There are 2 protein chains.
Amino acid sequence: MKEGPDFTRVAALIGDPARANILTALMSGKALTASELAAEAGVSAQTASAHLAKLRDGTLVAERKQGRHKYFRLASDEVAQVLEALMGLAAGSGHLRTRTGPKDQAMREARACYNHLAGDMGVHMFRSMRQNGHLIGPEDALRLSETGSEFVKSLGIDLENLPRSKAPLCRACLDWSARDTHLAGQLGRALLNQILSLGWAVKNADSRVVIFSKTGKSAFFETFRP
Amino acid sequence: MKEGPDFTRVAALIGDPARANILTALMSGKALTASELAAEAGVSAQTASAHLAKLRDGTLVAERKQGRHKYFRLASDEVAQVLEALMGLAAGSGHLRTRTGPKDQAMREARACYNHLAGDMGVHMFRSMRQNGHLIGPEDALRLSETGSEFVKSLGIDLENLPRSKAPLCRACLDWSARDTHLAGQLGRALLNQILSLGWAVKNADSRVVIFSKTGKSAFFETFRP
DNA sequence: TAGATGCTTCGCCCATGATCGAAGTATGAA
DNA sequence: TTCATACTTCGATCATGGGCGAAGCATCTA
């Protein structure tokens, strides 16, 4: 039997239930401690420790020690992308085991795809910015137009002081639930953060769902008009 | 320990070396028999049979019986997308075991991403068509313009007689080697087939590499000008 | 400083799943 | 019709890796 191609290991790392639960928890974009992740996965601390070491060695997660706590987060946007692609495939091919419930609907409507807004509302936002000429260029070279700079500035986003990062400012990200594109990259992150700061929405503490208030939703659709 | 999220099973299916080899072989876009896939994976016929049953049950591959032969192909473009995403992650994070060699360079330059052209040349083709106004609309709603219809017609592609399929005509597909977009969908498929028909390139029988001749490459770059 | 808490490592157990020999079924060719 | 080939199924083997108890190390708090 031949050795597998290089991606075999990556897939195998993701394909364990405990590790998959860990990665899913980290899709919320938050950094979580080893203990929290053990609870998320429903395994003991020692088991989680072994799993996290594997994920770290496989560069799927990054860790940072803070005193006696160890915080883990996904290693890159790219990991989130792979997970979303897998979710999309699973969603489209009958791998879903549970009946569709309110939570699924909430996830479809608005959720955190790692650090930016996804779901129907994320797609709506992207489309609005495209149609209003705020985002220009092909999707592989998305950039902010002048009107786009003014627009996000009017939203309270300070483009000059975004955290130093090698991530592009704008990046298209495929949304598995809407089968369409939402905005990732630094701007996508800043926009989600701003939405939260403005109080339009809150992040559900237990999941990736982003919960808009009634007034927040109105403000969102007023701001991101089709 | 909790059960994993729905995508766990998909990842686990991909994460076995024999099955990963099978899926990689099917990325060439060809339908291969069970025996051929057994050879690709380097396992016995009975082992391959068990693996293929799992992949079929997991809706990652589709099978068709033809006399005593059974042909398998990837179940959907989406499966190819997931595999490409995994390849990209593996490529970007030091999971590569072998040194970069001529074959890798050839894969980067031009390869079949399932049924359409990928790699640098695939990206070039997409970009050319974008910049020349042949492809218009946001990437999530790509479509052919009127000049685009004329263009592909002048290439010898009969848009009226494309095979019936629910796949979109134009779809953007992320290219892991170029980290950019190439054209998938029915048009992407037709373009690759036309390139092969025109004799500009041939498919390497043992891999996904698409080998352009000197004259074919000239014709390609002449046709798809920046 | 002692005790509590977070995390890691070691050692052992065992469930799982990949593997192949053997045998059977289906199809094709001479 | 017989033999060859393609593929599947069954049964047994065994390597792998996930799991946790126990113990140890690092850090924090009272």
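Here is how names work: the chains are called A, B, and so on, in the same order as the sequence lines, proteins then strands, and each is numbered from 1. Note that the coordinates shown come from a computational prediction; the quantities given were computed from them, not determined experimentally.
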Quick check on [N]: is either OP1 or OP2 less than 4.0 Å from any side-chain nitrogen or oxygen of [X]?
| X | N | value |
| --- | --- | --- |
| A/Ser49 | C/dC7 | no |
| A/Lys65 | C/dC7 | no |
| B/His51 | C/dG17 | no |

(request) Say whether, by atom type as modelled, one donor and one acceptor occur between the side chain of A/Lys30 and the main chain of A/Tyr114 under 3.5 angstrom. (result)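 Side chain of A/Lys30 to backbone of A/Tyr114, a donor-acceptor pair under 3.5 Å: no, none is there.
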(message) Would the distance check show the side chain of A/Thr47 and the main-chain N or O of A/Val43 forming a donor-acceptor pair, the cut-off being under 3.5 Å?
(response)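 Pair absent, no side-chain N/O of A/Thr47 close to backbone of A/Val43.
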(request) Establish, from distance only, whether the side-chain atoms of A/Ser49 and A/Gln46 form a donor-acceptor pair under 3.5 Å. (result)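 The criterion, which ignores hydrogens and geometry beyond distance, is not satisfied for A/Gln46 and A/Ser49.
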(message) Just by distance, no angles: are the side chains of A/His51 and A/Arg19 close enough, under 3.5 Å, to form a donor-acceptor pair?
(response)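 There is such a pair between these side chains.
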Nearest-Å distance for atom pair [atom1]/[atom2], residues [X] and [N]:
| X | N | atom1 | atom2 | result |
| --- | --- | --- | --- | --- |
| A/Lys54 | C/dT9 | NZ | C1' | 14 Å |
| A/Gln66 | C/dC7 | CD | C1' | 15 Å |
| B/Arg68 | C/dT25 | CZ | P | 18 Å |
| A/Arg64 | C/dG6 | CZ | P | 18 Å |
| B/Gln46 | C/dG17 | CD | C1' | 16 Å |
| B/Leu52 | C/dT19 | CG | C1' | 15 Å |

(request) Answer whether the closest heavy-atom distance between the side chains of A/Arg64 and A/Lys70 falls below 4.5 Å. (result) no
(message) A side-chain contact here means heavy atoms from C-beta on lying under 4.5 Å apart; do A/Met129 and A/Leu191 qualify?
(response)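 When only atoms from C-beta onward are counted, A/Leu191 and A/Met129 do touch, with a gap below 4.5 Å.
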(message) For B/Glu63 and A/Ser44, find the nucleotide of DNA chain D closest to each by heavy atoms; which residue's nucleotide sits nearer the 5' end?
(response)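 The 5'-side residue here is B/Glu63.
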(request) For B/Ala34, answer base if it contacts any base atom (sugar-phosphate contacts may also be present), sugar-phosphate if it contacts only those atoms, and nothing otherwise; contact means non-hydrogen atoms under 4.0 Å. (result)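 The answer is sugar-phosphate, as B/Ala34 gets under 4.0 Å only of primed atoms, P, OP1 or OP2.
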(request) Identify the 5'-most and 3'-most nucleotides of DNA chain D with at least one atom closer than 4.0 Å to a non-hydrogen atom of chain B. (result)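 With heavy atoms of chain B under 4.0 Å away, the range is D/dA4 to D/dG19.
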(message) Exactly one of B/Leu60, B/Leu55, B/Asn115, B/Leu83 should register a side-chain contact (heavy atoms from CB on, under 4.5 Å) with B/Leu74. Which one does?
(response) B/Leu83
